[in-house]
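Below is one structure, written out as C-alpha cells; the observations come after it.
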Amino acid sequence: MSGTDVADAGGVAGVAAGAGVSGDGLDALLVCLQLTDSAFPSGFYTLSHGLEGYAQAKAVTPDTLPALLADLLRHGVGPSDATALVLAHRAATAGDWELLAETDQRLHATRLNRELRLAATRTGRQLLDIARESVGGEALERYAALVARKRAPGCQAVAAGVAYASAGVPVEQAVTSDLFAFCASFAGAALRLRLTDHRQAQVVLRAASPVIREVVSAALARDLADLGGCVPVADAMSGRHERAEARLFMS
C-alpha cells in the first residue's frame, strides 16, 4: 500500500470515527444493504406491487407515478407491511412467538386476492430460508418452525422483521430500509414498464424520502389492532392483473 493509500484509508476511518459510526452500526448497515439489494434472491424484485395492473388499465402515467407511489406508501404498505415488520421485529426481539404468529396471520388476511397472498408468502419464505443460512439466529429458527407447522404463513414483511431483529438491526433502521426497497422495486418495475427512464427514476426515489420518513413514524406508533391498509383501487388493479393473459411480474 502506498503512502497515499494509507492516508486515504486513514481519512475514511477518521470520517467514520468522527461521525460516531460504531462497529455494530456499520454491521447493521451492511445487513440492511444485503437484505434489500436487488441481488438478494428472495424474488421481491420480481413484483410490480400493483403497478403493472395500473399500466395495463392505462390508469398511471409518468407524471402521476410519484403520486401513486406516495399513496401506496401512506395507505397500503405503511399500515400493512411496514407495521407488520415493526411488530414482528419487536416480537422476535422479545421472544414473543405468539405475537409473531398473530402478526403474520393478520398481515396475510389483509391480502384480498390470491396473487397478493402468493407473492407475499413466496418471497417471504424464500427470504426466511436464505436469511437462516446467511444471517442465522434463534429468532429465525423459531419463526421457521412456526411456518413449517403452518401456524404462520410466512409473509415477506414479517420474515424481514425477524431477519433484521436477528441481525441486531434497530427497528427504525429496519423498517426504513425495507420501505426504500419497496420504492426501489417499484421504480424498477416502472422502468421495465416504460413509465420512466433511469434518470427520472432516481428523481422519483429521492422525492419519496419525506413520505418514507412519515410512513416510518406512523408504523412505529401502531399496534396489532391497527394493522392493515385500505387501497381498494390497488386491490382491483391486482385482481385485473391476476387474470391478465400476459404479465411481466408476479404481482
Side chains of residues 153-181: which donor-acceptor partners sit under 3.5 Å, not counting sequence neighbours?
residue : atom : partner : partner atom : Å
Gln156  : NE2  : Asp178  : OD2          : 3.4
Tyr164  : OH   : Asp178  : OD1          : 3.4
Ser166  : OG   : Val162  : O            : 3.1
Thr176  : OG1  : Glu172  : O            : 2.7
Ser177  : OG   : Gln173  : O            : 2.8

For a quick test of your reading: what N or O donor-acceptor pairs under 3.5 Å do the side chains of residues 206-216 make, sequence neighbours left out?
residue : atom : partner : partner atom : Å
Arg206  : NH1  : Ser209  : OG           : 3.1
Ser209  : OG   : Arg206  : O            : 3.1
Glu214  : OE1  : Arg74   : NE           : 3.2
Glu214  : OE1  : Arg74   : NH2          : 3.2
Glu214  : OE2  : Arg74   : NE           : 2.9

What pairs of donor and acceptor atoms, side-chain ones from residues 195-202 against any protein atom, are under 3.5 angstrom apart with sequence neighbours left out?
residue : atom : partner : partner atom : Å
Thr196  : OG1  : Ala201  : N            : 3.4
Asp197  : OD1  : Arg199  : N            : 3.2
Asp197  : OD1  : Gln200  : N            : 2.7

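Nearest heavy atoms, Leu100 versus Ala91: N-CB, 3.8 Å. The two residues Ala144 and Leu128 have their closest heavy-atom pair at CA-CD2, 3.8 Å.
For Arg149, the CZ atom counts as densely surrounded, since its 6.0 Å shell holds more than 12 non-hydrogen atoms of other residues, nucleotides or ligands.
Taken from CZ in Arg192 to OG in Ser48, the straight-line distance is 9.5 Å, to the nearest 0.5 Å. Between atom CG of residue Leu33 and atom CZ of residue Phe40 there is a gap of 13.0 Å, rounded to the nearest 0.5 Å.
At a threshold of 4.5 Å between side-chain heavy atoms, the hydrophobic network of Ile, Leu, Val, Met, Phe, Trp and Tyr places Leu146 and Leu224 in one connected group.
Among pairs with a residue in residues 61-114, none fulfils ring pair (Phe, Tyr, Trp, His ring centres under 6.0 Å), at least two apart in sequence or across chains. Listed by first then second residue, pairs satisfying side chain to side chain donor-acceptor pair (under 3.5 Å) with a partner in residues 216-225 read Thr83-Arg222, not counting sequence neighbours.
For Phe186, the ring pair (Phe, Tyr, Trp, His ring centres under 6.0 Å) test picks out no residue, with sequence neighbours left out.
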